[in-house]
Each structure stands twice: as structure tokens, then as C-alpha cells.
Number of protein chains: 2
Amino acid sequence: MSNIRQVANLAGVSVATVSRALQQPERVSPKTRNKVMLAVNEVGYKPNLMAVKFRSGKTHSLVALVPTVANVFFARVISGMQVAAAQRGYTILLANTLGDETIEANYAKMVQTSQADGLIQLRAHNPFDASINKPNELLPMVNACEVMHDINCPVVTLDNRAAAKAMTMHLIEQGHKRIALIKGPQSSPLTRERLAGYRDALTEAGLTFDEALLYPGDFTLQSGHDAATKIIASEHRPSAVFCENDETAIGAMQCFKQVGLRIPQDISIAGFDDISFSAFCDPPLTTIAQPAEEFGQSAVSLLIDLLEGKITKAPKVIMPFELIVRASTGPAPTS
Amino acid sequence: MSNIRQVANLAGVSVATVSRALQQPERVSPKTRNKVMLAVNEVGYKPNLMAVKFRSGKTHSLVALVPTVANVFFARVISGMQVAAAQRGYTILLANTLGDETIEANYAKMVQTSQADGLIQLRAHNPFDASINKPNELLPMVNACEVMHDINCPVVTLDNRAAAKAMTMHLIEQGHKRIALIKGPQSSPLTRERLAGYRDALTEAGLTFDEALLYPGDFTLQSGHDAATKIIASEHRPSAVFCENDETAIGAMQCFKQVGLRIPQDISIAGFDDISFSAFCDPPLTTIAQPAEEFGQSAVSLLIDLLEGKITKAPKVIMPFELIVRASTGPAPTS
DNA sequence: CGTTAAAATGTAACGGGTTTCATTTGGTTA
DNA sequence: TAACCAAATGAAACCCGTTACATTTTAACG
């Protein structure tokens, strides 16, 4: 591998001149510039950016902690992150953490060991160890989905409570009185916020909240299927099911259809996220659309601003949601 | 940020001793080691790994060129890559290229500028520019899906032709005589290989190959839906449709159901990949299962071996496939 | 032609580790 | 106690760019 000194020798100039010829061509005479360029081409010189980054102390890399890239919603967020990062000359280092705090901590260490400038977290968990703690100073981190309550951190999120309430209201307006809720992972604030929105709607409509209508889930197809199995077996079957994400809804939908329930005539189903598959279900899924790509873009942009000292407070960016009514929800059965 | 010199001063030893105390503790007397560790903790020293990488000339980073992380199959491959990389102390830098050759080239440059040691490509395209060319030497690259014909490069792949043939045979055995094929992107060798397998089966069964039964697609839900629309409108409707991936199949399936066709009674549908959604379709999709995670793992493992000089030839690893028969395929209608 | 400012170029320090080689320390043996 | 070897430690080079500062060249003007 050639280095700048070889180029300098070949061109008969100093290394400083080579560096300038490449970085600020106008600072070098055309004649010299020419000589340098010829030498660069001859030896196929490519600057060692590792050296540059080391020297500058800036890596222009950002670690993204993603519970699982296999989640279609996260895939969209990642996509957005990459776009914004590329625009501003940064690289995203994607970490598939499987929600494991040890793995998260390992990747977070990349920031503490100068391998990355900052970190984007998609879960509500602080991955840094105590050694980084500086009171009165923001950590080099933003959250692209969930609000973290124990730490002051910029966040891009959705009014999950309002969105869940809107969806629940939609179901109530269709005449549903017993609405099941298939929840997300216990550890996620999202789960609690959406549950709160669900309760808000019930309260507002004067319906009673029934613990028995809450089913656990973990945002996977399988967990939706499992919860649906329980719902079918339950005594007083609900006429609608609100799932805290689309994958759960699709899993549940399949289960209901397997046992011969018609959607939405016998049971309505609603999801959350509007992943691409939702429009292609049978029937197409009523859901909440989130601007996933913009979550990622916004988060990256915020993080870079923070790193470059352009912001010192931790903003909370609330993205808009949209209720998408498709064919999976309909009037409650009259029986 | 503290550095090794501060630690050395505080501990009253040389920087060399600090380095050794941390890297090879047995080479330092227990007493000194203790002093060093106390100093390390006191200043919260974390070695600057950027400096280490720069010094060593090894980044222990691998660039992965992924056309789109939103593709569920690729998401599984990525997952596998990450596991294998972590095991061997490497980091994956994920690049969402959208199939754009300029973006690919930009990321490939990271290898040429010493920011990454090697590259994993998921498409059949050489992202490197000519300047890296060394005849008789392998590029620091492996392909995790598609065989590249113009370049000698280790590859992990599937016998796509055999798999497509197996699926087509399955349909033929069900009595289907007119089988449509919804293809993948033109640029992908996968598309051609699967087409070849489809033809193989037809030939073997003595059925005639009909160009009119070939429909273009690009591995998205929407393209499946579009192709299905054309199939429905076609004169002599096929009784089965083989889609070159599951997303296409799911898109097509929805379209058929929308117009009232029953699956598989009226029309059979088969996919390729066995993504998680396929088991949760209605009806569940007959497909070809590929060990996606192992594609990623194998590719990373191969690349690291190559980088570490453990292999000098370019192996071609063929992974096994499995025909998964579910309810979306059935006997051809007798009419 | 001499003076002076501006432009061009060169020299060398710097960043933060690792590692080689040299030196010192410590313990063992005669 | 002297001699010797191994273990422990230190000094300094090294990786490769960038850049502040010093020096040289060029051009312009009186």
C-alpha cells in the first residue's frame, strides 16, 4: 500500500505539498499540482483514512443499536438513518443487539474507545456504563423511537398514546364494546404508552376496562398467533383485537382465519406501524402509519447536531401518525 | 479524554509498561500491574482503539453491501453476518446501497482507504474500481448470494437452478401444465438461474416452454401484485404461479384473492426464500427454504479466512435448500 | 534594480497507542 | 561477594496523514 511519502518522493515535493494538492488544490501552483497528481496516479495512492480519523479524533461513524434488523419497521428506520448519515458524511455502524444488554454495552463501548462518535438507540435503555457519566452534559446519544425516562436524551418519537387512542376510538365507533389488546414486550415504554391510549379511549367512551382482554406479545408473528389462540379459547370472545404492531396483527389474523372466523364480519383486527405487508394481507390491515424512515433521518440529524455542538438541550421530536383504515376492521357483529 | 501517557505519569511508570500491563499482564510484576490498574481506574482510561487500528493497519471491520435492508431475506443474511463477525472480533459496517453502483463504489472505497479490511457483496457486481486490480490475487471480497461470473471471488450460494426445478416439478406433479413464472430483477443471476431450473423441469416433464408465461418482477410485494393483475387479464390463465421470491408471491396472492380466485383450488402459488411471513399467509405459502443466516455466517467466515491468509483459492460454498409444501399449492383444477 | 508583500513550498511536531531494543533490577549460583 | 541470567522496565521509533510555522520563490511596484 502506497503512502503520502512515496508520492512526495516520486513527485519531488514535500509531503505537505502532496497533502495540500489533494485537500486544497487552490493553495498549490498548477504545475506542482500536476506533478503530484501524476505521482498519485502512478502509485495508485489512496489516503489512509484511518490515519486521518485518528489524527482528527473524529471517526464520522455512528453506532446504531437495533434490537433486530429482521423487524420490518426497524428496517425502515435503518434505511432512513443511512440516508441522513450519508448526506452529512457519516457512516452507520449497525449493531443487531437482539435486545441483549451485554451486546448493547459492547457496542456502546465503541463510542468510549473512540471508534465511533455517537450512538443511536432504538430501545429505552442506556447502554453506556457509568464511566462515561458527566453530569450536566448530554451523552453522545439519541433515541429514535422510545422515550427514556431515566436519562436526558434527545428523542424522535410518536405520540403513541394518542395514536393508540385514535385506533381504539375507531374500533369503538364501529360499535365494538369488547376490544382485546395484544401488547408488545413488557420492557418497552411503547407497550405502556399504547396501553394507556387504549384505556384513554375506553374511558372516554364510557366502556369498562377489563384486564382479561389484555394479552402478552413480543411484536413477532408467532406471538400474535399465540395470543389469538387464547382469544379464541376465551369465554366471552371480543369482537375486535388491537395489536400493538402489524406483525402481531398478521399472526393473529392468520390464526382467526384458520378456525374459520371471518374478518372483519366476525372479528375486527387492527395493527400498528403500517409495514409493507399490511397492505397485502387478506383483508388488508387497518393500522397506524408511522414515518419510519423519517425517524431514522431525524435521529441521525439530531445526533450529528449534538456531536457538532449545534444543540445543547435534548429536544423531543414528535412525528405525526396517520390512522389507515383498511378492510380488516368493520362494524361489530350484531348478535 | 485520558490517554496512556497520563496513566503512565500517574502510575509512575513508562507508557510501555502501561501497555503491557493491559495487553499481557503476565509480563508485568504484580506490584506494577496494581499501580497501573489503580491509575487506569482513577482517570477512567479507555484505550483509543482508533489509534490501535491505525497502528496495526487492521481495522477489523467488514463492509456489507446490501441492496436493501427492508428485504426480509437480506435481513436474515445480515443477522448471520453479524453473529459470525462478532465471534471473530470483527464489526460489520452495513451499507444500504439500493442497488446503486455509485453508492456501492463509495462504500467499496472504504476498503481501499483502509477503513475496512474486506467487503461482502450480496449482488453480482464488482464494486471496486480498477485501481485495486492485482492479477493473480483475490480481492478482499466474498459474495453471500450470487455467483459473479466475471471475477474470481469466493461465494456462498444455493443451487438456485436445482431449487427452482424442484419447485416446478412439485407443481407439475400436482397436474399443472401451464405454470407462470414471476421473475426477479433482470440484472440478477439468481433470476436467470431460477428461470433455467424452471425450464429444466418443464423439459424433463415434456411440457412446452411458453415465453408468454414469464412475467417481470423485482422481488417486491407490489411487483407480485402487478404481475398477478396481468396474469388474471391473460387469455389462457395458468393454473399455477411460481414466484422467484416470497414477497412477490404474497403480493400476487393478495391480488388473486381480491378478484375472488381461491388458492389453491383455482390457482396454486409458490414462492422462494421462506421468509417468516410466508408461514402466516392465507393460505400458508409453499416455498423453498434457504438457510439465510448461514449464508451470512459462512460468507463472513470465508472473508476473514481470506483476509487472514488462511485460504488462497476462491471456494464456492453451496448451501442446501428445502422444498416446503404448504397449502398454497394443490392439484390443478380439472376443468 | 531593490524592496516588499504574497504565494508556494518545506520542515517538523503531533495524535496515541504498540513494539523493538536497550537497560536496569532482582534473584540465583558458585 | 562476584558473576550471570532472567525478568522487569524504559526509551524511542513507528504507523500516516495534517498543519502551524519557517523559509523560499515569485510577482509587483517604486
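Naming convention: chains lettered A, B, ... in sequence-line order (proteins, then strands); numbering from 1 in each chain.
The nucleotide whose nearest atom lies closest to any side-chain atom of B:Arg55 is, among C:dA8, D:dA13, D:dG10, D:dA13. Here the side chain of A:Arg20 is nearest to one of C:dG17, D:dA20, C:dT18, namely D:dA20. The side chain of A:Ala16 lies closest to D:dT19 when the candidates are D:dA12, D:dT19, D:dG10. Here the side chain of B:Ser29 is nearest to one of D:dG17, C:dT9, D:dT9, namely D:dT9. Across C:dT19, D:dT18, C:dT11, the shortest atom-to-atom separation from the side chain of A:Ile4 is found for D:dT18. Side-chain proximity of A:Val13 to D:dG17, C:dG10, C:dT9: nearest is C:dG10. Here C:dT9 is the nucleotide among D:dG17, C:dT9, C:dG17 with the atom lying nearest to any side-chain atom of A:Thr32.
Between its opening and closing five pairs, the helix from C:dC1-D:dG30 to C:dA30-D:dT1 changes axis direction by 50°, a value rounded to 10 degrees.
For B:Glu293, the salt bridge (charged side-chain N to carboxylate O under 4.0 Å, His left out) criterion is met by B:Arg76, not counting sequence neighbours. Among residues two or more places apart in sequence or in another chain, the salt bridge (charged side-chain N to carboxylate O under 4.0 Å, His left out) test is passed with A:Asp305 by A:Arg88. Remark: A:Phe219 pairs with no residue by the ring pair (Phe, Tyr, Trp, His ring centres under 6.0 Å) rule, at least two apart or across chains. Applying the side-chain contact (heavy atoms from CB on, under 4.5 Å) test to A:Asn152 and every residue at least two apart in sequence or in another chain returns A:Leu138, A:Ala314.
The side-chain ring of A:Phe54 is stacked on the base of C:dG15, judged by centre separation under 5.5 angstrom and plane angle under 30 degrees.
Of the side-chain N and O atoms in A:Thr17, none sit less than 4.0 angstrom from OP1 or OP2 of C:dT9.
Using modelled atom types, one finds a donor on one side chain and an acceptor on the other under 3.5 Å when comparing A:Ser14 with A:Thr17.
Judged as a ring pair (Phe, Tyr, Trp, His ring centres under 6.0 Å), not a single pair has a partner in residues 98-154 of chain A (not counting sequence neighbours).
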